[in-house]
Amino acid sequence: MEKAHRISSAQLTILERIASILGESVGEFFGVNTSEKLAETIALVKAFTALIDPEARARCLDFAARELEQQDQFVHGSSPTSQQSAATRTATSCNVKHVSG
């Protein structure tokens, strides 16, 4: 029998916001084999929010954007132009200045 997940409406609202940012559904957090993904996401968010330097946050976002670009290029064969666009979109959606490295 599957265990029920009970969360408050405030927790659900937070999960909905996080899911929206990640482009996932809230249900993804409770699916099979997603507990590790959720734990990693929580650890990443906690570490990121602990950073007080805006430039450090921008570097973290830039790193994540570059990793995503490499993944997209490997999976989809993206062009350098679309890769730059992905990095810029990632940084812009998080309301930070994109830092080139």
Side-chain angles (χ1 to χ4, degrees):
M1 179 178 232
E2 188 174 320
K3 181 180 176 183
H5 297 279
R6 298 179 193 272
I7 60 172
S8 71
S9 62
Q11 290 171 320
L12 180 59
T13 299
I14 292 168
L15 284 175
E16 287 171 339
R17 292 179 76 187
I18 292 170
S20 174
I21 291 167
L22 297 174
E24 301 280 348
S25 70
V26 173
E28 290 294 317
F29 295 136
F30 300 105
V32 178
N33 299 323
T34 60
S35 61
E36 184 177 336
K37 182 178 175 182
L38 180 58
E40 289 173 344
T41 301
I42 290 169
L44 183 61
V45 170
K46 283 182 178 181
F48 183 80
T49 57
L51 294 172
I52 57 173
D53 180 7
E55 290 181 10
R57 286 181 175 224
R59 286 191 303 272
C60 288
L61 291 171
D62 187 61
F63 172 78
R66 284 183 280 131
E67 289 296 314
L68 181 59
E69 290 167 2
Q70 288 180 354
Q71 174 182 294
D72 286 347
Q73 187 174 17
F74 178 76
V75 173
H76 303 292
S78 305
S79 67
T81 303
S82 65
Q83 290 177 10
Q84 180 62 34
S85 298
T88 303
R89 282 193 311 272
T90 301
T92 302
S93 70
C94 297
N95 199 26
V96 297
K97 181 182 173 193
H98 177 69
V99 179
S100 298

Student check: side-chain heavy atoms of Glu67 and Phe63 closer than 4.5 Å
yes
Nearest heavy-atom pair of Leu51 and Cys60: which atoms, and what distance?
CD1-SG, 3.6 Å
Do you know the tightest heavy-atom contact between Arg57 and Thr49?
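Of all heavy-atom pairs spanning Arg57 and Thr49, the closest is NH2-O, 3.3 Å.
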Taking atom CG of Leu15 and atom CZ of Arg17, what is their separation to the nearest 0.5 Å?
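Between Leu15 CG and Arg17 CZ, I get 12.0 Å after rounding to 0.5 Å.
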How far does CD1 of Ile21 sit from OG1 of Thr41, to the nearest 0.5 angstrom?
11.5 Å
Is the shortest side-chain N to carboxylate O distance from Arg66 to Asp62 below 4.0 Å?
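Judged by the 4.0 Å cut-off on N to carboxylate O distance, Arg66 and Asp62 do form a salt bridge.
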In the single-linkage hydrophobic clustering (I, L, V, M, F, W, Y; side-chain heavy atoms under 4.5 Å), do Val45 and Leu61 co-cluster?
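Unlinked, Val45 and Leu61 end up in two clusters.
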